[in-house]
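To keep things clear, I will list the structure first and then write my remarks on it.
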Amino acid sequence: MSAQPAPDVPHSDETTTRRIDVGLVRHLVAEQFPQWADLPVRPVEVGGWDNRTFHLGDEMTVRLPSGEGYVLQVAKEQRWLPVLGRRLPLEIPVPLAQGRPGAGYPYSWSVYRWIDGHTARPERIDDLTRFATDLAAFLRSLRAVDATGGPAAGGHSAWRGGPLSTYDAETRAAIKTHRDRLPVDAVTAIWQDALDATWAGPPVWFHGDVAYANLLVRDGRLAAVIDFGCCGVGDPACDTVIAWTLLHGASRAAFRDAVDVDAATWKRGRGWALWKALITLDGPDPAGARRVIDELLGEQR
């Protein structure tokens, strides 16, 4: 199936995305920040889809939303990343400037300080259990930051941090579409358990997209967390999805102990992981999506 965005959920504009290239970035920088006009611009190794990212010299990056739905994330990150960064144990992006529309590009955009590191693929991690506990400590620290005035979950966060029921119809449609490839009753039971595990706690900060591509390692250890575009204040269950997408066995158990969430939050996290895996079964990495589903089914037994 081709997954359709839920109402008010950000999605990329293909026309805009095709126009975001090195030439555009050079033009925008030269026009709006002439002090950096002589710096070279080149794509980063993992440029992203929601936003496109480019090196600006050796010490900065430029990040441009790929669709209108992501524009609210620009001002959000500019406002809140400096606040969060002072209170977290790992590096996170530091905004240096905010750009405006120009050269035919219709959205606001950002310049950030470059963070050195490599995406957290398993082969780059020396000790996955230590990695899991370091990540859990970061997420606990994030939840502990004062949430007063923070951005409530909504379209800007793709409803991460909000009610899982936002994606109920989409998830059940995906189960039906793939019923010949899935144990329908078992998968539906995981989803229903997640829906029934309602959240009633105080709103806390969440990252919203804790995926290996947004976690950077140096010398085999977790060093930084990037891409806070889906961050906000609400239910932190979405931040546990990494337990099934990257962790397993002892590392998953260590993460669950260290991240310190209750059983209901863990169930909702399973729901978030299931939703994403189901809607990407026909995507570019169907084997990865199926592996996540199998991990969830194995834990259910």
Side-chain angles (χ1 to χ4, degrees), residues 43-51 53 55 58 61 63 81 84-85 87-94 112-144 160 205-231 236-261 265-266 269-270 272-277 280 283-299:
V44 300
E45 179 184 359
V46 181
W49 178 250
D50 300 349
N51 294 266
T53 305
H55 290 280
D58 294 328
T61 61
R63 182 171 159 90
L81 286 180
L84 297 175
R87 294 165 172 82
L88 297 174
L90 299 171
E91 285 187 80
I92 69 170
V94 175
Y112 295 93
R113 183 179 300 159
W114 170 253
I115 301 177
D116 193 30
H118 297 283
T119 56
R121 295 186 179 276
E123 64 270 18
R124 294 170 173 163
I125 300 170
D126 286 347
D127 182 332
L128 192 58
T129 297
R130 182 176 65 182
F131 177 94
T133 55
D134 288 346
L135 176 58
F138 175 88
L139 294 174
R140 290 199 315 271
S141 296
L142 178 61
R143 297 201 313 263
R160 267 76 161 191
W205 277 101
F206 60 87
H207 177 276
D209 193 12
V210 183
Y212 83 87
N214 294 329
L215 305 173
L216 301 184
V217 296
R218 290 195 294 267
D219 300 322
R221 293 199 64 173
L222 180 63
V225 180
I226 61 173
D227 193 350
F228 280 70
C230 285
C231 78
C238 56
D239 283 350
T240 65
V241 168
I242 195 75
W244 300 279
T245 58
L246 178 64
L247 307 178
H248 53 84
S251 62
R252 184 184 301 155
F255 176 78
R256 182 171 186 176
D257 287 343
V259 79
D260 192 26
V261 296
T265 299
W266 193 255
R270 287 164 53 81
W272 281 108
L274 180 63
W275 160 72
K276 188 62 176 288
T280 55
D285 184 20
R290 181 65 207 222
R291 184 188 63 78
V292 172
I293 294 171
D294 289 343
E295 291 286 336
L296 291 163
L297 289 167
E299 191 178 82

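Checked against side chain to side chain contact (heavy atoms under 4.5 Å, CB included), Ile293 has the following partners two or more places apart in sequence or in another chain: Leu182, Val187, Leu274, Ala277, Leu278, Leu281, Leu297. For Val241, the side chain to side chain contact (heavy atoms under 4.5 Å, CB included) partners are Thr245, Trp272, Ala273, not counting sequence neighbours. With sequence neighbours excluded, the residues forming a side chain to side chain contact (heavy atoms under 4.5 Å, CB included) with Arg113 are Val94, Leu96, listed by chain and number. In this structure Phe228 satisfies the ring-ring contact (aromatic ring centres under 6.0 Å, His included) test together with His207, sequence neighbours excluded.
Note that the OG atom of Ser251 and the CZ atom of Phe131 stand 9.5 Å from one another [nearest 0.5 Å]. His55 contributes atom NE2, which lies 8.5 Å from atom OG1 of Thr61 (distance to the nearest 0.5 angstrom).
For residues 125-136, the pairs satisfying salt bridge (charged side-chain N to carboxylate O under 4.0 Å, His left out) are Asp134-Arg221, with sequence neighbours left out. Residue pairs satisfying the salt bridge (charged side-chain N to carboxylate O under 4.0 Å, His left out) criterion with at least one member in residues 237-259, sequence neighbours excluded, are listed as follows: Arg252-Glu295, Arg252-Glu299.
Partner of Trp244 under the ring pair (Phe, Tyr, Trp, His ring centres under 6.0 Å) criterion, out of Phe255, Trp275, Trp266: Trp266 alone. Among Leu139, Asp209, Leu135, Val259, the one residue that satisfies the side chain to side chain contact (heavy atoms under 4.5 Å, CB included) test with Ile242 is Leu135. The one candidate from Leu246, Leu128, Leu247 that meets the side chain to side chain contact (heavy atoms under 4.5 Å, CB included) condition with Pro122 is Leu246.
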* **Intermediate values then yes/no, side chain to side chain donor-acceptor pair (under 3.5 Å), Thr240 and Arg270** => CA-CA 8 Å; Thr240 65; Arg270 287 164 53 81; over 6 Å; no
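At least one donor-acceptor pair closer than 3.5 Å links the side chain of Arg124 to the backbone N or O of Thr119. Between the side chain of Ser141 and the backbone N or O of Ala137 there is at least one donor-acceptor pair closer than 3.5 Å.
The number of heavy atoms from other shown groups lying within 6.0 Å of CZ (Arg218) is above 12.
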